[in-house]
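Below you'll find the structure, written out as structure tokens, and then a few comments.
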Amino acid sequence: MDSLFIASLFVILLILYSSFFLLIPGRRALKIVAICSFIIATFASYSADTYGIFIDRDMVRNLFETDKREVGALLNLRFFAYAALLGALPCFLILRCHIQPYGITQRLKHGILFLVGGTALCVFLVFAFSAHYSSFLRKHKPLRYLLTPAAAVQGTIQYARSIIPDAHANLLVDKTGTTIRPAANAGDKPLLMFLVVGETARAQNFQLGGYQRPTNPELSNIDGLFYFNNVSSCGTSTAISLPCMFSHLQRDNFSVSAAARTTNLLDALKKAGVKVEWRDNNSGSKGVSARITTITYSPNDYTDKCNAESCFDEVMLKGLNERINATREDTVLVFHQVGSHGPAYANRYPQAFEKFTPVCRTNELNECTDAEIRNAYDNTILYTDHNIAQQIKLLQSMSDRFDSLLIYVSDHGESLGEKSLYLHGAPYVFAPDEQKKVPFMVWMSDGYRKRNHVNQQCLKSLLSRAYSHDNLYHTVLGSMSIKNDVYNKELDIWAECRVGANDS
Ligand SMILES: [Zn+2]
């Protein structure tokens, strides 16, 4: 019965697609649409079969907003086999195929006959398997994202609509209103914040959050580090999470286009007179750093800290000491890591950090065991652990000149084969926790804690509470003692722990 049901599903899809093709006037147009459909279907089925990735609007956005290096990392022999068998071959056959010319009346007659017959057959099949259909469709809602190429075409249309410039396209709205920033007392050191944005680091693999493997040997030994173990991301991809976490719009009200028209956290800091800089070792800030100083790193400029594909995150520490020494103002430096970006995890860390072995060395994850994939991924976390620890040490070494803090949060998580899913980018409602739970931590220098009267016992009591990217905007502003009209103390994670500070 089950196989008959699957066959009926196939027949219904065949009728639906055929009906669509019947609506296309002209033989040449029919061939062009058919060829485009096969090309789109090739990409869609490759990513679904290989990585369990669904194609929707946000996935199309990732595809268009990613850089060449990332696309290169996804291309491999398997992809070219898909392109040849599912793309080139059908396209060739379509081109060779001769379509009989028909008169308009004959076309109409055939079309109506097919539509009536097809609809009748569909209705019959749905009734014959009604029990199957109702439970199957309820149980497997995400399946609609795997309809190839319909889901990919729908995603592309939705993406195109979302980027069509409207009348307000260039209008940047500043809703932050009045900014209040207390003047520094005489003798106060400048505030210095490192805001480290992780990439594809998932909370499940952080030893600090209870992971069984020693992936955080350095951070585990740092005093005054607070790790929050129940934090959710805004999206499951960089293109969504990045603009969302820097926006004051909550996840429920967030859209990429609305955020692009509104000033963000970095703009608010700049407006308050803080020096802000974005250092990017990833594929760009997705517009977040559009109005502030942005530094990017390329393998051509730093051969000793990079491989052919990308640079190791420690490249962002180059020249940092000198850069900070020249600073006398309150400063926020954002570090956008390449972190644990897949599928070529083994390319994200220097050899010395290959502690968990054997590792998956190819971007063809299907050629590796899940254990090899996890080993390579855990090495990326181990390397991130080292980088954050280095940054904290740098801040510690400058504590005579700055009161400092470091906040680290990842943009989204990653699937490593659980439920047969790989990578990230699943539609948020269906996405598993592996893609949505992110590591989040803060470290404060003694000077910073004293100056802001931060109660550590209070901080400790917050570590298991549920937070999300929605909290970041308010927590960063609050930590820099800045308030504006959209600042919400309720969302400022450790506001309640700044006892007696000028926080009223
Ligand atoms: Zn990302």
Side-chain angles (χ1 to χ4, degrees), residues 47 51-74 159 195-206 231-247 251 254 256 259 264-265 278-289 294 296-297 309-313 316 334-345 347-349 363 365 373 376-377 380-381 383-384 387-388 407-416 421-428 431-440 468-470 472:
S47 49
Y51 303 115
I53 285 177
F54 309 151
I55 306 286
D56 64 351
R57 183 193 63 188
D58 294 338
M59 191 48 79
V60 176
R61 185 187 305 282
N62 292 335
L63 202 69
F64 280 99
E65 296 183 7
T66 196
D67 67 5
K68 275 181 263 143
R69 280 183 290 162
E70 276 186 59
V71 175
L74 289 171
Y159 170 68
L195 179 53
V196 185
V197 180
E199 173 60 62
T200 316
R202 66 183 208 182
Q204 283 85 350
N205 291 46
F206 271 64
V231 180
S232 304
S233 67
C234 175
T236 61
S237 66
T238 313
I240 301 296
S241 277
L242 218 50
C244 184
M245 59 207 279
F246 282 89
S247 164
R251 198 186 107 74
F254 170 83
V256 172
N264 60 36
L265 172 60
W278 180 284
R279 302 169 95 83
D280 199 292
N281 189 35
N282 200 313
S283 56
S285 73
K286 312 290 172 199
V288 172
S289 72
T294 304
T296 55
Y297 301 89
E309 197 182 291
S310 62
C311 291
F312 302 128
D313 281 325
M316 292 190 282
V334 186
F335 299 84
H336 188 203
Q337 298 185 328
V338 72
S340 307
H341 201 295
Y345 305 116
N347 290 344
R348 300 289 165 258
Y349 52 82
N363 56 11
L365 297 180
I373 294 170
Y377 184 84
T380 67
I381 304 294
Y383 181 53
T384 289
N387 275 312
I388 299 172
I407 294 176
Y408 167 84
V409 60
S410 178
D411 62 344
H412 51 76
E414 182 86 324
S415 282
L416 297 174
L421 293 179
Y422 292 89
L423 306 180
H424 53 266
Y428 199 87
D433 270 357
E434 290 85 14
Q435 296 190 23
K436 292 192 291 198
K437 290 289 179 201
V438 287
F440 184 104
S468 75
H469 278 163
D470 284 350
L472 188 70

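Being a predicted model, the structure only gives us computed values, none of them experimental. Just the heavy atoms: all of them, side chains too, but no hydrogens, waters or symmetry mates, feed the values below. In listed order, ligands and their atoms are each counted from 1.
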remark   = Scanning both residues in full, the closest heavy-atom pair of N282 with V338 reads ND2-CA, 3.9 Å
The Zn ion (ligand 1) - name of the N/O/S atom of E199 that sits closest to it = OE2
ask   = What is the name of the N/O/S atom in D411 that sits closest to the Zn ion (ligand 1)?
value = OD2
query = From H412, does some N, O or S atom reach closer than 2.8 Å to the Zn ion (ligand 1)?
reply = yes
inquiry  = At a threshold of 2.8 Å, where the distance has to be below it, does the Zn ion (ligand 1) have an N, O or S atom of S237 nearby?
reply    = no
key: Pairwise side-chain contact, Y408 with Q337, heavy-atom cut-off 4.5 Å (strictly under)   = yes
request  = Dump the intermediate steps for side chain to side chain contact (heavy atoms under 4.5 Å, CB included) on E414 and Y345, then the final yes or no.
outcome  = CA-CA 11 Å; E414 182 86 324; Y345 305 116; 2.4 Å; yes
request  = For the pair H412 and T200, evaluate side chain to side chain contact (heavy atoms under 4.5 Å, CB included) and give the outcome as yes or no after the intermediate values.
outcome  = CA-CA 5 Å; H412 51 76; T200 316; 3.4 Å; yes
